[in-house]
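Let me begin by presenting the structure, written as structure tokens, before commenting on it.
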Amino acid sequence: MPKAMIISVGGTPAPIIKSICEYKPEFISFLASQDTCDLVASIKKEVVSHGLNIKSETTLANDINDLVHCHEKAEEAVERVITKGYRKEDIIVDYTGGTKNMSVSLALASISYGFSFSYVGGKERTKNGVGIVVNGQEEIYPSVNPWDFLAIEERKKIATLFNTYQFKAAKNLTDTLLEKTTKFKSLFKKIGFLIEGYYEWDLFRHQKALDLLKRAKIEEILETDDKSIKVFAKGAETNRFFLEEIVKNEKKPSGLLILDLYANAERRFNEGKVDDAVLRLYRLVEMIAQERLFRKYGIDVSDVKEEKIPEGLKGEFIKNYKSQFDGKIKISQTATFKLLNALHDELGNTFKLNEKRFLAIQSSRNYSYLAHGFESSKEKTFLTLRDFILELNMFEVKDAPVFPKMEI
């Protein structure tokens with residue numbers, strides 16, 4: 001039951017009395033006009049006779065024909081309840097009484113708070129069914145929260161933010177909507193977990209991302225009647241399977257990590273963050289070589305065993321890459337491909353044939369702000385490097401994970 005109500009007062013007190021006796025609030029903020037302010041006292045007297053003891057305050061609208069004025073007064077009526085410290089869950093707005101301007105103003109002034117609304121109607125009316133409800137025939141229609149069916153614009157904003165990878169902003173807006181909705185609170189809480197999960201995934205925090213996608217209970221979201229949300233959840237379910245496989249071997253170079261990094265680079269490029277995208281592709285070149293060495297030859301580039309190095313490179317690698325601190329041989333990107341070439345690996349041979357082309361791309365990358373220079377990377381640098389990577393034929397683009405789009 002609510003603890004507070006905001007009620008617009010019209011010329012007929014019976015519906016208001018019916019509403020108050022039904023909800024039994026402890027405080028009421030009345031919005032009345034010059035013609036109806038005297039009715040407030042009689043309304044309070046009547047509800048007292050029903051055993052209710054309420055406190056109230058009245059806001060007076062002086063010009064019921066001025067919508068702007070009525071809205072200002074409606075905001076005052078709402079503020080009277082807010083300042084008392086009542087939670088939005090404990091407040092009901094009854095817009096039954098008053099002029100059309102008063103009812104509209106009260107609805108507009110209170111709708112953004114996520115209050116529940118109530119309306120008193122009835123089947124029997126005067127004037128052959130088109131007048132006011134006959135006294136004693138009032139019916140209270142179940143209270144509703146407008147945010148349960150009117151939050152269309154907010155859902156569109158969430159979708160737009162998510163689809164442009166602005167996950168933090170999308171999550172913040174989802175949390176705001178979660179505070180206001182009643183009927184769909186559980187659903188938006190689950191969607192919030194999904195959004196947060198994709199935020200973590202975009203930062204390569206795969207375990208956190210997987211935990212959040214599991215907390216979202218995608219199987220329950222799939223049971224919703226909302227087709228657009230169901231499509232989104234289906235895409236998230238597919239992503240979760242991919243993510244589970246990544247987490248199993250996250251600390252070692254793998255084909256899945258290569259696909260994940262490639263997809264991340266594409267997202268940065270689509271955002272217009274070209275420098276970030278180029279850096280990811282540059283790291284991808286290195287990861288591709290690391291994965292080949294690890295998977296095919298059992299070589300970890302952070303700890304290359306001497307017996308794994310061909311004789312022609314052993315002396316050079318020990319001299320240039322052996323750590324003075326732990327004695328491990330840790331090789332660079334260039335050395336990684338050099339080792340693959342010495343092992344007569346196809347990837348190493350392909351890279352060797354295209355090394356000059358790669359070095360030219362590398363030079364462009366080195367001039368960027370995020371590397372060693374003071375220039376912004378050009379889109380051409382990204383596209384050229386991407387083409388170079390794809391021509392290595394180490395993975396299929398279609399296998400890369402695609403974040404689902406929200407179509408709300």
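Everything quoted here is computed from the prediction, not taken from an experiment.
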For [X] and [Y], which heavy atoms make the closest approach, and how far apart are they?
| X | Y | answer |
| --- | --- | --- |
| S29 | A77 | OG-O, 2.7 Å |
| T58 | A32 | CG2-CB, 4.1 Å |
| L213 | G197 | CD1-CA, 3.7 Å |
| P401 | N239 | CB-ND2, 4.5 Å |
| T96 | S118 | OG1-O, 4.2 Å |
| E46 | I17 | CG-CD1, 3.4 Å |

(request) For the residue pair Y321 and F317, categorise the inter-ring angle as parallel (less than 30°), tilted (30 to 60°) or perpendicular (more than 60°). (result)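 Aromatic pair Y321/F317 classed perpendicular.
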(request) Kindly compute the distance separating CE (M287) from CG (D260), expressed to the nearest 0.5 Å. (result)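 So the gap between those two atoms works out to 8.5 Å.
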(request) Mind checking the CG-NZ spacing from L194 to K189? Nearest 0.5 Å is all I need. (result) 13.5 Å
Pairwise side-chain contact, [X] with [Y], heavy-atom cut-off 4.5 Å (strictly under):
| X | Y | value |
| --- | --- | --- |
| V9 | L31 | no |
| L340 | Y297 | yes |
| I299 | F294 | no |
| V68 | H71 | no |
| L212 | W201 | no |
| P15 | Y119 | no |
| L257 | I246 | yes |
| K330 | V304 | no |

Would you say [X]'s side chain and [Y]'s backbone share a donor-acceptor pair under 3.5 angstrom?
| X | Y | answer |
| --- | --- | --- |
| K273 | R268 | no |
| N349 | D345 | yes |
| T83 | R80 | yes |
| D90 | K3 | no |
| K405 | N163 | yes |
| T12 | A14 | no |
| S332 | A335 | yes |
| D202 | Y198 | no |
| D66 | H69 | yes |
| T164 | L161 | yes |

Give a yes-or-no answer on whether the side chains of [X] and [Y] include a donor-acceptor pair shorter than 3.5 Å.
| X | Y | value |
| --- | --- | --- |
| D94 | S19 | yes |
| Y86 | E26 | yes |
| S302 | D300 | yes |
| E266 | N270 | no |
| E286 | Y282 | no |
| Q333 | Q290 | no |
| D387 | T384 | no |

(request) Begin with the C-alpha distance, continue with both residues' side-chain angles, and end with the deciding distance and a verdict on side chain to side chain donor-acceptor pair (under 3.5 Å) for Q207 and E200. (result) CA-CA 9 Å; Q207 184 62 65; E200 296 292 345; over 6 Å; no
(message) Could you check whether atom NZ of K217 has more than 12 heavy atoms from other residues, nucleotides or ligands sitting under 6.0 Å from it?
(response) no
(request) Carefully, step by step, assess L52 and V48 under the rule side chain to side chain contact (heavy atoms under 4.5 Å, CB included). (result) CA-CA 5 Å; L52 299 179; V48 168; over 6 Å; no
(message) Using the rule given for side chain to side chain donor-acceptor pair (under 3.5 Å), can you reason through T334 versus K338, listing the C-alpha separation, both sets of side-chain angles and the distance that settles it, and then say yes or no?
(response) CA-CA 6 Å; T334 302; K338 194 171 186 178; over 6 Å; no
(message) By the definition side-chain hydrogen bond (donor to acceptor under 3.5 Å, both in side chains), identify the one residue from D226, T160, T174 that meets it with R155.
(response)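 Passing option: D226.
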(request) Using a strict cut-off of less than 4.0 Å between a Lys/Arg side-chain nitrogen and an Asp/Glu carboxylate oxygen, indicate whether E306 and K322 qualify as a salt bridge. (result) yes
(request) Give me the one residue out of I28, I20, I7 that meets side chain to side chain contact (heavy atoms under 4.5 Å, CB included) with S56. (result) I28
(message) Determine whether the aromatic ring centres of residues F162 and F403 are separated by less than 6.0 angstrom.
(response) no
